[in-house]
Each structure stands twice: as C-alpha cells, then as structure tokens.
A.B. asks: 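Let me give you the structure first, and then I'll get to my questions.
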Amino acid sequence: GRGRGGRGPSTGRGGDGDGGGADFGMGGPQRRRAAPGRGGAGRGRGDDAGRGRGRGRGRGVSLRMGTGKKGRAAGLRQRRGTLKRKDRTAEKALRAERALERKTIVLPGTPMSVGELAEVLGETPVSVIKYLMTDLGVMAAISQTLDVPTCEAVTEGFGKVIAGEDDDFDDDEDDDDEDIDDTAMEMGVAMDEDDPDTLQPRAPVVTIMGHVDHGKTSLLDAVRNTRVTAGEAGGITQAISAYQAEHEGSTITFIDTPGHAAFTDMRERGANTADMIILVVAADDGVKQQTADSIACARQAGVPLLIAVNKMDLPAADPGRVLADLAGYEILTEDLGGDVLCSQISAKEGTNLDDLLSKVLLQAEILDLKANPDRDAQGVVLEARVEKGLGTVATTLIQKGMVRVGDSFVAGEASGKVRALIGFDGKTRYKEAGPSTPVNIVGLTGVPEAGDLFVVAEDEPTARVLAAARTRIARERKSSSYQSGLMQSVSSLFAGGQKERREICVVVKADVQGAAEALARSLTELKLEDEESEVGIKVLISEAGDVTKSDIAVASVTPETTVIAFNIGANAAAMEDARVMGVPIEYYSVVYDAIESVECRMQEVLSPTPEGEYVGSAIVQEVFNIGGTGNIAGSKCRDGIIKKGSNVRVMRGDKILSESKVRTLRNFKAEVDSITTGDECGIGLLEFEEFQAGDIIESYVVK
C-alpha cells in the first residue's frame with residue numbers, strides 16, 4: 001500500500017517504512033511508525049513541506065472524513081436515522097388485537113358461583129365480592145351463585161370483554177328482559193339453594209285478594225275472630241298486613257291486600273310473596289276490575305288460586321253467575337270440571353270457613369312447602385312505618401332462615417340491627433322468628449321501600465356499606481332517568497306542537513310506606529288537558545311518618561305546593577312553619593278523598609275561575625289599526641256596563657288571554673266614560689292589542 005507523509009512545520013528527513021498500513025510522514029524529532037509487512041523506502045521533506053512514501057501489505061485504516069454536502073448528510077443519517085415517519089398502522093392494530101385477546105373472557109352462559117367467576121377473571125374472590133357490594137349493591141358469599149346478567153356486569157366492571165357477546169346475546173335480548181327482575185343486581189343479594197337435607201316443613205303463606213268491598217278483611221276477621229274492618233277508615237283496607245291463624249293443629253299465614261285501584265303495587269307484592277291466593281268474589285256482585293287484576297297478578301306470580309265466593313247469606317247471592325264469570329277468565333273450578341278449589345262462604349255469618357281452611361291445607365300439602373331454618377334469615381318487607389317510641393318499624397315476612405334479636409341486616413337502602421321482634425298482634429315479643437312468620441322488626445336506620453328484600457348481614461359495618469352502595473346506585477338511576485326525561489322534553493319543545501305544561505307540586509306523607517307509594521303513584525298518573533295546555537302532578541316527597549319542618553321547607557320552595565297528610569298528623573313546629581310560610585296541609589283518611597281533592601285543583605289550574613264580580617261584556621266584531629294609538633277593538637256591548645278604566649279580561653273560547661284595563665273608550669268618534677247593552681264602541685286596552693273577531697271582553701269589579 002501507499003502512504004503519503006504529512007506536512008510538518010520544519011524540514012527533516014522521513015524514516016523508512018515497511019508496509020502499507022498507516023503511513024505518516026512526520027518531521028522533526030518524531031519518528032515514522034512502520035506497519036508490519038513489506039514496503040519500499042519512504043522519503044520525507046520536513047514537517048512543513050516534507051513528504052514520505054512507503055509501500056507494504058496489510059490492512060489500511062483511513063481517517064479521512066468527507067467534508068462535502070453529501071458526506072455530512074450521510075453522517076447525520078448514520079447518527080440519527082431517517083426523519084421520514086414510518087407507517088405503524090398495522091403494528092398498532094396488531095397490538096390492539098393482542099390486548100383485546102388478553103382482555104377477552106369466555107363465560108359459560110350459565111350461573112356461576114362467586115369463586116368460579118373470580119377464577120375465570122383472574123381476580124381474587126375478595127375483589128369480586130367487594131365489587132359486588134360497592135358497585136352493584138349485591139351481598140354475596142364466595143359459594144353463592146350469580147346469575148348470567150350479574151356475571152356479565154362483574155366481568156365488564158373489571159374491564160374485561162365477553163367473548164361472542166355481540167353475536168350470541170343480541171338474539172336473546174328479549175328473553176333476558178323478561179327475567180331482569182330476578183337478577184342479583186335487582187334483588188340486591190345472590191340467591192343460593194339450600195341442601196335438601198336441611199329443609200323442614202313450613203306454614204303456607206296465603207294472600208287474600210279481590211275487588212274492593214267484596215269482604216276480604218271481613219273473611220280474615222272471621223278466621224281470626226277479630227274486628228279489623230271496624231277500625232279502618234271508610235271500611236276499606238289501605239295498607240298491607242299479615243296475620244297467622246291455627247286450623248286443625250296447623251299454622252296458616254295470611255296476607256291481606258287492599259282492593260282499591262290505587263294499591264296495584266301492594267297487590268302485586270302480596271301475590272309475589274304468597275304460596276297461594278284466595279280470590280274473594282262477592283256472590284251478589286260478580287267479577288269486577290280489581291278481581292281481574294288479582295287474577296293477572298296470580299298468573300304473573302305463578303301461584304295457584306283458591307276461589308272464595310263470599311256473601312252467600314244475601315238474598316241476591318248468585319254463585320252460578322260468579323263461576324260463569326270466572327270461566328271467562330279461564331278459571332275453571334272443580335264444579336265445572338276444572339282443578340281450581342272453590343268454597344262458598346259467608347264471612348259475616350262465619351259459615352263454611354272450615355271447608356275453606358281445609359282446602360288451603362290440602363293445597364299446601366300438594367305444594368310440599370319447605371324451608372331451611374338453620375341459616376341467616378331472608379325475607380321481604382311487606383310494609384314500613386315510623387312509630388313514636390320505636391322509630392322505623394318494618395313488617396317483614398321471613399321466608400327462610402332464622403332472624404334473632406341482635407342480628408345486623410340490610411333491607412333495600414336501609415340497614416340496622418334488630419332491637420326487637422314484635423308479633424303481628426303488636427304485643428308479643430320474640431327472641432327469634434323462623435320461616436313463614438310475619439314479624440315487626442325494630443332497629444332500622446332508615447325507612448325501606450315496601451317490597452324490599454330483607455337479608456341478615458355478616459356484621460353491622462358490612463350492612464352499612466351495602467346500604468350506602470344501594471343508595472348511591474338508586475341516586476344514579478334517578479339522575480339518569482331525570483336527564484333522559486329532560487332531554488325528551490327539550491326535544492319535544494324544539495320540535496314544536498308541544499302543549500303548555502303546567503304542574504301542581506305536592507308533598508305526600510302517610511302512616512305506612514306502601515300507602516305513600518300508592519298515593520304518589522295514583523297522583524302522578526293524573527292528567528287533565530285541553531286544546532292548548534295540560535296539567536300534571538309532581539310529587540316532591542313520598543315518605544312514611546308525620547309531617548315535619550323539613551317537609552314544610554321543601555314545600556315552601558315551590559309556590560302553591562300542598563302537603564297531603566294521609567292517616568298521620570303534623571308536629572307543632574311543622575304546623576307553625578306552615579302557617580308562617582303559607583303552606584297548606586290537608587289531612588285525609590280515605591284515599592278516594594285525597595285523589596278527588598287533587599283532581600279539583602287540577603281542574604282549577606287548567607281553567608281557572610275568574611276573580612272579581614262580573615259587571616258586563618262586549619264582543620269584538622272588527623279590529624282597527626289607528627296610527628299612534630295601536631289596535632282598537634270595534635265591539636258591541638252584549639250586557640251590563642263597561643266603564644273607562646275598569647278591570648277587564650280578554651277571553652278567546654275558554655282561555656283567558658289577558659287581564660288589563662280599559663285605556664280608551666269611544667262611541668263613534670266621541671270619548672265616553674261608559675257604554676251599556678247594545679252600544680257599539682271602540683275599546684283600547686293597556687298593553688294588549690292582539691284582538692281577533694269573536695273575542696269577548698269581560699268587565700269585572702274586585703271587591
């Protein structure tokens with residue numbers, strides 16, 4: 001190889017190099033380093049002008065770097081890489097697909113225990129139980145079974161994707177909706193099946209249903225030898241209640257339900273908690289609307305019917321007509337070749353009651369009713385109320401297990417610790433209560449809704465956490481429902497054609513929660529409307545208990561709000577606040593009266609009665625526009641007298657367009673002070689000019 005010597009600052013002679021590796025010409029005191037190999041002589045000319053040459057074999061390393069434009073660009077690319085952005089779409093899609101595969105969970109599509117679900121999700125059972133309690137409001141143990149919708153909700157809550165849910169579950173969406181009320185999320189507890197070896201016979205639970213005033217409570221009176229009906233307002237049942245009676249050494253639990261149309265929810269709860277239903281039909285009245293509703297409730301609940309044809313002591317009794325009417329609803333009794341048991345009784349005279357009770361026990365024997373008493377209690381709240389000295393009291397039917405004094409429990413959004421168990425007679429106190437036993441439970445921190453599930457919890461903190469979670473979930477559902485309704489109202493408003501909406505606000509307080517719920521529902525379903533507007537009811541509060549200062553405070557926020565006190569009173573502080581704030585409190589003991597009173601108020605709001613004493617009227621025949629004055633109504637006085645400056649209202653049909661005063665009153669071209677019957681005139685009003693032919697101008701005097 002060849003090597004050129006470098007230049008140095010002084011003159012000198014270069015050394016000989018042997019090889020062509022790295023050949024340098026060095027001047028002065030420096031010596032040339034020889035590379036291994038063979039080479040020729042080198043000659044140098046000093047450091048400044050000397051050169052050296054050499055030859056040899058070997059690997060040469062050049063330290064020369066390009067200084068041109070292309071050389072700098074190449075070096076930059078080697079250090080930094082290209083600045084052009086690469087297309088990574090495919091790479092991102094692949095990563096997303098792999099992440100989805102890691103998150104995808106395959107569920108069997110059948111109910112799973114909490115432990116099995118935790119294993120599938122790759123989570124600990126404690127994490128799953130905590131999520132069920134705090135996010136779904138469901139109390140569950142590791143061995144309890146969760147239904148499919150709840151398993152799906154938990155899976156999605158942990159950020160997982162259910163495999164095939166888009167394909168497999170859409171087809172069954174309608175089927176799932178039918179059973180949504182039976183899910184653990186709706187009931188608030190994971191249901192589990194007891195070991196058949198632990199089951200023991202229990203008393204039958206019988207609900208008495210039928211039309212109002214057909215003798216349901218009278219039948220129960222006759223069975224219990226009491227006088228319940230005599231103490232009820234209006235002689236009708238307005239709350240659900242439970243009792244027990246003995247027959248032939250066996251205990252039967254009875255649930256009495258209201259028959260009025262306003263208490264539909266109570267009848268449904270009574271049907272859902274019963275093993276069988278006694279349908280009471282008056283022999284002189286036949287099948288009525290609430291009778292048909294009771295039949296529908298029984299079919300929906302899937303419980304057998306027993307027919308009790310009551311009032312057989314009356315001369316107008318016609319049991320054949322009753323059985324024929326029932327056949328129209330596909331209810332065939334044994335007399336007509338069917339399988340429905342039937343008894344013809346008289347609750348007033350107490351005749352043939354033993355036959356009815358014997359058939360109840362026969363039906364119970366066929367159903368083979370059993371429950372496990374050696375477990376934590378579960379039941380359903382039939383009714384809840386607030387009593388002085390006791391606080392919140394919940395009438396509860398225990399369905400399985402044993403509840404004891406001191407147990408912590410949760411019922412809907414309320415929790416507590418059992419302080420006392422009081423019998424259905426209001427006097428007997430129990431230390432424990434087993435399956436099919438109706439009992440009044442004292443010790444709740446809130447008022448549960450009628451129909452809520454009662455469950456004994458592990459300890460009091462667990463019950464409080466579960467109740468708080470359910471309260472939050474309920475609040476979120478109400479907020480979501482309110483937002484949805486608000487958006488629909490806004491959309492309808494912008495779409496046009498919307499009638500003017502007027503609302504009457506009420507606060508409902510009742511002696512029991514079920515009555516408050518029933519009355520509130522009946523009021524919200526009321527609606528009156530005409531061609532231009534509609535009137536509805538908005539219930540601000542619906543609770544059990546006496547009227548308090550907080551109720552008056554809520555009512556005072558919205559003008560014209562009325563407090564409805566149903567079978568309860570108001571404390572002194574609330575009455576004083578109501579007087580000062582001008583909030584009316586109306587007291588009722590019969591549901592008919594409360595509903596009729598509110599309907600009258602709605603009619604008044606829809607078409608209000610004009611104020612003042614009527615003195616005369618004129619009909620608009622033609623409208624004139626007078627420059628500088630505005631529209632003048634060319635009118636003719638129909639009756640009475642109309643004076644200048646008098647109070648008038650402009651009527652178009654039944655609607656009051658405006659209330660104003662007469663600004664100008666002219667007869668022909670002369671300004672006059674008054675007109676009488678038959679006079680023609682021009683009427684101008686203050687701040688109103690939208691007259692139309694046919695409008696009526698009424699004059700009145702406010703006293």
Side-chain angles (χ1 to χ4, degrees), residues 217 228-242 256-258 260 262-263 265-266 269 381-396 412 414 422 424 426 440-452 504-524 537-556 558 561-598 601:
T217 306
V228 175
T229 306
E232 293 180 332
I236 61 172
T237 302
Q238 300 178 119
I240 196 168
S241 53
D256 188 16
T257 62
H260 187 264
F263 301 99
D265 290 341
M266 288 192 184
R269 285 195 296 272
V381 177
L382 300 177
E383 198 59 271
R385 60 194 180 276
V386 179
E387 292 188 6
K388 293 181 180 179
L390 293 177
T392 303
V393 180
T395 301
T396 306
I422 305 175
F424 61 87
N440 294 309
I441 297 178
V442 181
L444 289 95
T445 56
V447 182
E449 297 287 338
D452 283 341
I504 298 177
C505 296
V506 296
V507 172
V508 177
K509 298 301 290 287
D511 55 341
V512 294
Q513 186 66 29
E517 173 191 334
L519 184 55
R521 177 172 178 174
S522 298
L523 294 178
T524 53
I537 302 296
K538 182 178 182 181
V539 179
L540 302 180
I541 297 176
S542 174
E543 294 177 347
D546 291 343
V547 179
T548 62
K549 293 181 63 175
S550 62
D551 300 325
I552 302 300
V554 171
S556 65
T558 306
T561 299
T562 301
V563 177
I564 296 178
F566 187 72
N567 282 332
I568 48 99
N571 56 42
M575 295 176 66
E576 178 63 21
D577 284 0
R579 185 186 63 80
V580 173
M581 298 180 183
V583 176
I585 302 177
E586 299 178 358
Y587 300 91
Y588 301 96
S589 58
V590 179
V591 69
Y592 305 108
D593 298 337
I595 296 175
E596 289 175 1
S597 174
V598 174
R601 287 190 57 207

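The first residue in the sequence is number 1, and the count goes up from there.
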A.B. asks: Could you give the distance from CG (L444) to OG1 (T396), rounded to the nearest 0.5 Å?
C.D. replies: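 That separation rounds to 7.5 Å.
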
A.B. asks: Quick one: CD on E383 to CD on E449, what's the gap to the nearest 0.5 Å?
C.D. replies: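 One finds 10.0 Å between CD of E383 and CD of E449.
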
A.B. asks: State the CD1-NZ distance between I585 and K509, to the nearest 0.5 angstrom.
C.D. replies: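 Reported to 0.5 Å precision, the distance equals 10.0 Å.
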
A.B. asks: Do you know the tightest heavy-atom contact between T392 and P448?
C.D. replies: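 That would be CG2-CD, 4.1 Å.
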
A.B. asks: So do V386 and D546 actually touch side chain to side chain, heavy atoms under 4.5 Å?
C.D. replies: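 Not in contact.
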
A.B. asks: Just verifying a value: how many Å separate D452 CG and L382 CG, rounded to the nearest 0.5 Å?
C.D. replies: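 Those atoms lie 11.5 Å apart.
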
A.B. asks: How close do A594 and L519 get, heavy atom to heavy atom, and via which atoms?
C.D. replies: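 Heavy atoms of A594 and L519 come nearest at CB-CD1, 4.2 Å.
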
A.B. asks: To check you understand the geometry: which heavy-atom pair defines the closest contact between V563 and I552, and what is its length?
C.D. replies: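 It is CG2-CD1, 4.2 Å.
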
A.B. asks: Report the residues that fulfil side-chain contact (heavy atoms from CB on, under 4.5 Å) with V393, sequence neighbours left out, ordered by chain and then residue number.
C.D. replies: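 side-chain contact (heavy atoms from CB on, under 4.5 Å) check on V393 returns R385, E387, L390, N440, V442.
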
A.B. asks: Going by side chain to side chain donor-acceptor pair (under 3.5 Å), name the residues that satisfy it together with T548, two or more places apart in sequence or in a different chain.
C.D. replies: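 With neighbours one apart ignored, the set is S550, D551.
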
A.B. asks: What salt bridge (Lys or Arg N to Asp or Glu O under 4.0 Å) pairs are there with at least one residue in residues 565-576, not counting sequence neighbours?
C.D. replies: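 Those involving residues 565-576 are E576-R579.
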
A.B. asks: Kindly determine whether V598 and I504 satisfy side-chain contact (heavy atoms from CB on, under 4.5 Å), including the steps that lead there.
C.D. replies: CA-CA 9 Å; V598 174; I504 298 177; 5.5 Å; no

A.B. asks: Kindly give the heavy-atom pair with the smallest separation between S589 and F566, and that separation in Å.
C.D. replies: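 Closest approach of S589 to F566: C-CE1, 3.9 Å.
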
A.B. asks: Please identify each residue that fulfils side-chain contact (heavy atoms from CB on, under 4.5 Å) with A573, with sequence neighbours left out.
C.D. replies: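 So A573 forms a side-chain contact (heavy atoms from CB on, under 4.5 Å) with K549, N571.
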
A.B. asks: Mark yes or no for whether T524, through its side chain, and R521, through its backbone, hold a donor-acceptor pair below 3.5 Å.
C.D. replies: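 Yes; at least one donor-acceptor contact below 3.5 Å.
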
A.B. asks: Could you pull out the closest heavy-atom pair between I595 and S522, with the gap in Å?
C.D. replies: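 Taking I595 first and S522 second, the nearest heavy atoms are CD1-CB, 3.9 Å.
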
A.B. asks: Using the test side-chain contact (heavy atoms from CB on, under 4.5 Å), find all partners of S542 that sit at least two apart in sequence or belong to another chain.
C.D. replies: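 S542 satisfies side-chain contact (heavy atoms from CB on, under 4.5 Å) with A516, A520, V539 once adjacent residues are dropped.
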
A.B. asks: Atom CZ in R601, atom OG1 in T562: separation rounded to 0.5 Å?
C.D. replies: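 These two atoms lie 3.0 Å from each other.
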
A.B. asks: side-chain contact (heavy atoms from CB on, under 4.5 Å) with T558: which residues, sequence neighbours excluded?
C.D. replies: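 Testing T558 for side-chain contact (heavy atoms from CB on, under 4.5 Å), a comparison that skips the adjacent residues, returns C505, L540, T561.
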
A.B. asks: Give the minimum heavy-atom separation between Y587 and A570, together with the two atoms involved.
C.D. replies: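 For Y587 versus A570, the nearest heavy atoms are OH-CB, 3.6 Å.
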
A.B. asks: L523 versus I564: any side-chain heavy-atom pair under 4.5 Å?
C.D. replies: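 A side-chain contact exists here, since the closest heavy-atom pair is under 4.5 Å.
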
